[in-house]
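Comments concern the structure below.
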Amino acid sequence: MRIFLKDAGKTGMVLLAGGVIGLVLLMLVFSIPVERMLTNARASIEIFEKEGPFPQTVAGYKATTLDNYTDAWMLRNAFYDGEESAFQKSMHIYYKGYHSEEINNVCESMIAYLNGKEGAERHSYARYWHGYLILLKPLLYFFDYGDIRGILKLTEMSLLIWLCVLFERKKMSRFLPALAVTLFCIGFHEIGQSMQYSWVFLIASAASLCLLLRYPVIDRKLFFLVTGMCTSYFDFLTYPLFTLGMPLVVLLLLMEKAEEEGAVKEIFRNSVFWGIGYFGFWVEKWVLCNLLTEENIIADAFRSISERVGRSVFDEPVGYVETVLENMGILFKYPYVLAVFGGILLMVTGLRKSRLKVLKELTAGYLLIASYPLIWYAATVNHSYVHADMTYRTLGISIFSVLCMIGSLKCEEKF
C-alpha cells in the first residue's frame, strides 16, 4: 500500500498529462478535412456489401469472425462532417445514423449515408476516448478500408517478426512455439482483417517489445500505467486484458533469465498500475465530458457498466460458468486443440532428459497470470457472453502463460 501512496502524485500527473495529450491529438485529427475520407469510405462500400457485418473467414469457426459491424462504426466516426468545432467533435465523437426498419445494422447505415440517403440524424458516442481515430482519420484520408486492412496486417506482421528477433537475441527462442500457438489460437489472421481487433494486439506487441528492449532499466510501474492508459484510449472494449497479460508473461521470461525473485509481488504491483491506467483514464474522459460539455456522460457510462457486468443477456439469466464455457467453446475445435497440445509437446520436449527444477516463485507468477481471463469473465459476464467471438481472445493470456511456464522449468544435468 505504501508503494501506491508513494506514487499517487506521479500517477495522477501522468493521468492528467495523458488526458491533455489525448485530447489535443484528437483535436488535431478532427481538423483534417473529411472530403477525401468520404471518397475513400465510398470506395470501401463493396467490401461491406459482400462480407456483411460479421463474416467468418472459415465458415462454422466463431474464432474467425470479423467485426465489420464495429469497423463500420469506426469509419462513421472518422468521416463525420458536421460543423461543430474540433473540440466538440473530440469530446462527443459524433456520427450520422438512421432510425429506420429498412436498415438492420451499422454497415447498412454507413452505406446508406455514403450513398446519400436522407434522414440521417446526429448521434454521440462520448463514453469512449476513441483514440484509434488519431490513426484512422489520417489513414482514411489516403487509403480505403481494404488498404487500411493491408497496412494493419503488415504492421502486425512486422511487430511479430521484431518480437521473434528479440526473443532470439535474448536467448529466449525456446519460447517461440508458445508465442506461435498463442497467436494461432487468438486468430492472428483475423486480427489483421478487423480494425476492432487490431488496436489491442498492436499495443500488446509494442509493450512487449519495449520490455525486451529496455529491461531491466525501464520503470515498470510507469510502463504498465501508460500501457493501461493506451488500452483505454484506443480500444473499443474488445479483449483489453491482453495488453496486460502478454507483457506480464514477457516480463516473467526476462526475470527468469536474470534469476530475479519476487515474481508474484511484481505481477500484482504492475497489474494494479495497469488497472489504474485503464480504468482511471476511462473515468477521466467521463469527468472531462461532464465538466466541459452539457452531456452527462458519467450517468450514461454507469448505465452501460451496470449492463455489461450484469448477469443477464436479453433479460435471460446467464451464469459465470456459462460465460466461461461460451468463450472456451470457441477454441474447442480440432485445429486449436491440436495446436495447444502440440505446443505443450514442443515445450516439454525442449526440456530433454534432465532433472527438473521448479522455480516456485516464477511458476506461481505464471499461474496467476493464467487465471486473469477467468477473473475478467467473472467481472464482465454480460459482455463476455454476448461478445464471446472476440472476448475469447483473452484466453490467449492463459495459453501463453502456461506454455511459457512449462518452457521455464529449469533443467539440471544429472551427475
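- In this structure, Cys185 and Val340 approach most closely via the heavy-atom pair SG-CG2, 3.9 Å.
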Trace of the side chain to side chain donor-acceptor pair (under 3.5 Å) decision for Asp67 with Ser194: CA-CA 6 Å; Asp67 194 354; Ser194 283; over 6 Å; no
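- Of the candidates Val34, Asn40, Ile32, Ile32 is the only one forming a side-chain contact (heavy atoms from CB on, under 4.5 Å) with Tyr141.
- Contact check for Tyr132 versus Asn77: side-chain heavy atoms found under the 4.5 Å cut-off.
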CA sep, side-chain torsions, deciding dist, call: Lys117, Glu108, salt bridge (Lys or Arg N to Asp or Glu O under 4.0 Å): CA-CA 11 Å; Lys117 180 179 173 62; Glu108 293 182 5; over 6 Å; no
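- Screening Leu152, Thr155, Leu183 for a side-chain contact (heavy atoms from CB on, under 4.5 Å) with Phe201, the sole residue that qualifies is Leu183.
- Just one residue in the list Trp376, Trp199, Phe234 forms a side-chain contact (heavy atoms from CB on, under 4.5 Å) with Pro240, and that residue is Trp376.
- Between Leu225 and Phe281 there is no side-chain heavy-atom pair separated by less than 4.5 Å.
- In this model, no donor atom of one side chain and acceptor atom of the other lie less than 3.5 Å apart for Thr238 and Gln196.
- A 4.5 Å side-chain heavy-atom check between Ile330 and Tyr336 finds every atom pair outside the cut-off.
- Between His383 and Tyr385, the gap from one ring centroid to the other reaches at least 6.0 Å.
- Between atom CE of residue Met246 and atom CD1 of residue Ile186 there is a gap of 7.5 Å, rounded to the nearest 0.5 Å.
- Here Ile406 contributes atom CD1 and Ile344 contributes atom CD1; the two are 5.0 Å apart, rounded to the nearest 0.5 Å.
- For Tyr95 and Tyr113, the distance between ring centers is not under 6.0 angstrom.
- When side chains are defined from C-beta on, Ile267 does not count as touching Leu251, because their heavy atoms never get closer than 4.5 Å.
- Residues Leu248 and Ser271 form a side-chain contact, since some pair of their non-hydrogen atoms from C-beta on lies under 4.5 Å apart.
- Checked against Leu136 for a side-chain contact (heavy atoms from CB on, under 4.5 Å), the options Asp71, Ile148, Val29 give a single hit: Ile148.
- Side chains of Met91 and Leu23 form a contact here, defined as non-hydrogen atoms less than 4.5 Å apart.
- Here the straight-line distance linking atom CG of Leu222 with atom OG1 of Thr227 works out to 9.0 Å at 0.5 Å rounding.
- Proximity of Val106 to Pro53: side-chain heavy atoms (C-beta onward) are nowhere separated by under 4.5 Å.
- Test Ile111, Asp147, Asp144 against Ser44 for side-chain contact (heavy atoms from CB on, under 4.5 Å) and you get one pass: Asp144.
- The aromatic ring centroids of Tyr320 and Tyr377 lie 6.0 Å or more from each other.
- A ring-centre distance under 6.0 Å is found for Phe236 and Tyr128.
- Judged by distance alone, with hydrogens and angles left aside, the side-chain atoms of Tyr69 form no donor-acceptor pair with the main-chain N or O of Asn105 at under 3.5 Å.
- With ring centers used as reference points, Phe273 lies 6.0 Å or more from Phe224.
- Under the 4.5 Å side-chain criterion, counting only non-hydrogen atoms from C-beta, Cys404 is not in contact with Leu252.
- Atom CE of Met27 and atom CD of Gln88 lie 10.0 Å apart (nearest 0.5 Å).
- Counting only residues at least two apart or in different chains, side chain to side chain donor-acceptor pair (under 3.5 Å) contacts with residues 272-293 comprise Thr243-Trp274, Asn290-Asn296.
- Judged purely by distance below 3.5 Å, without hydrogens or angles, the side chains of Glu190 and Thr57 pair a donor atom with an acceptor atom.
- Judged by a 6.0 Å distance limit and a 45° cone about the ring axis, Lys89 is not positioned over the six-membered ring of Tyr80.
- Distance CH2/Trp129 to CD1/Ile93: 9.5 Å, rounded to 0.5 Å.
- Rounding to the nearest 0.5 Å places CZ of Phe175 at 5.5 Å from CE of Met347.
- Shown here is Glu46, whose CD atom has no more than 12 heavy atoms of other residues, nucleotides or ligands within 6.0 Å.
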